[in-house]
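Counting convention: from 1, in listed order, for ligands and their atoms alike.
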Amino acid sequence: MIKIAPSILSADYAALGQAVDLLRPWGADWVHLDVMDGAFVPNITFGAPMTKALRKHTDLVFDAHLMVNEPAKWVQDFKNAGADIVTIHIEADRHAHRTLQLIRSLGMKAGVALNPQTPPSAIEYLLESCDLVLVMTVNPGFGGQKFIREAAEKIKVIRKMLDERGLRDVEIEVDGGVNAETAKLCAGYGATVLVAGNAVYSSPDPAKMIETLKNTK
Ligand code: DX5
Ligand code: ZN
């Protein structure tokens, strides 16, 4: 079954603790934490201190998406803050292989993210070093954007690359513009985790939305 990782980027910033409290009763699997530095992406959100504060609100998996330059500088802080998964952008790190090793050495799962224009070939030699590939289907920086269909094509290609290497346990997470309709495409291409910010937090019935996304065929 597909796992759902709601992004708190679309939650009420004045009440993020409560926004996280709601996720387990709503049936979420992970909490997607969109960390932005205002340099790698044109927006600033929050960092490890906020992550640490939210950690005591839930035991759900903390899925930290680092949209930051030189992510290696922050890995230890996110370990200390209680992150379970740390995903770096291949476009933001000249030594991504080393950073993925660092994340794993600290006992966390390591993810690598691809912006819409970045080809799967960019991570071909990292697949054995990661536990998750994050396919961006929007240009990172904001929630509530339109799903970029051509970027979703990469899900199929990455699934094939992983299968050819026998890497069946590596998650393919899709992030950006996911809703009941686009989720079908992602699931059909082989995605195993869906991030959903706007679709969940703006829904009149978030629990129902999560259930719908989870049962996408
Ligand atoms: C964008 C973030 C996404 C975004 C998803 O930079 O990485 O996680 O919050 O939000 P929706 O689901 O609203 O597109
Ligand atoms: Zn994200």
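Within the 4.5 Å cutoff, the side chain of Leu162 has heavy atoms near those of the Leu127 side chain.
Stacking of Arg55 on the aromatic ring of Phe62 is recorded, both the 6.0 Å distance cut-off and the 45° axial limit being met.
The only option from Asn198, Asp63, Asp34 that meets the side-chain hydrogen bond (donor to acceptor under 3.5 Å, both in side chains) definition with Ser7 turns out to be Asp34.
Remark: the Thr182 side chain and the Asn179 side chain contain an N/O donor-acceptor pair separated by less than 3.5 Å. For Thr87 and His65, the side-chain atoms include no donor-acceptor pair closer than 3.5 Å.
Vertex the Zn ion (ligand 2); arms to Asp175 OD2 and His65 ND1; angle rounded to 10 degrees, 90°.
Its N, O or S atom nearest to the Zn ion (ligand 2) is what matters here, and for Asp34 that atom is OD1. The Zn ion (ligand 2) is closest to atom NE2 of His32 (considering only N, O or S atoms).
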N/O to N/O under 3.5 Å, ligand 1 against protein:
{"unit_1": "ligand 1", "atom_1": "6 (O)", "unit_2": "Gly141", "atom_2": "N", "d": "2.7"}
{"unit_1": "ligand 1", "atom_1": "7 (O)", "unit_2": "Asp34", "atom_2": "OD1", "d": "3.0"}
{"unit_1": "ligand 1", "atom_1": "7 (O)", "unit_2": "His65", "atom_2": "ND1", "d": "3.2"}
{"unit_1": "ligand 1", "atom_1": "7 (O)", "unit_2": "Asp175", "atom_2": "OD2", "d": "3.0"}
{"unit_1": "ligand 1", "atom_1": "8 (O)", "unit_2": "His32", "atom_2": "NE2", "d": "3.4"}
{"unit_1": "ligand 1", "atom_1": "8 (O)", "unit_2": "Asp34", "atom_2": "OD1", "d": "3.1"}
{"unit_1": "ligand 1", "atom_1": "8 (O)", "unit_2": "Asp34", "atom_2": "OD2", "d": "2.8"}
{"unit_1": "ligand 1", "atom_1": "8 (O)", "unit_2": "Asp175", "atom_2": "OD1", "d": "2.5"}
{"unit_1": "ligand 1", "atom_1": "8 (O)", "unit_2": "Asp175", "atom_2": "OD2", "d": "3.1"}
{"unit_1": "ligand 1", "atom_1": "9 (O)", "unit_2": "Ser7", "atom_2": "OG", "d": "3.2"}
{"unit_1": "ligand 1", "atom_1": "9 (O)", "unit_2": "Asp34", "atom_2": "OD2", "d": "2.9"}
{"unit_1": "ligand 1", "atom_1": "12 (O)", "unit_2": "Gly197", "atom_2": "N", "d": "2.7"}
{"unit_1": "ligand 1", "atom_1": "13 (O)", "unit_2": "Gly144", "atom_2": "N", "d": "2.8"}
{"unit_1": "ligand 1", "atom_1": "13 (O)", "unit_2": "Asn198", "atom_2": "N", "d": "2.8"}
{"unit_1": "ligand 1", "atom_1": "14 (O)", "unit_2": "Gly177", "atom_2": "N", "d": "2.8"}

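Salt bridge Glu70/Arg98: absent, no basic N to carboxylate O contact under 4.0 Å.
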field: ring pair (Phe, Tyr, Trp, His ring centres under 6.0 Å) between His89 and Phe40, intermediate numbers included
entry: CA-CA 9 Å; His89 269 264; Phe40 179 70; 4.8 Å; yes

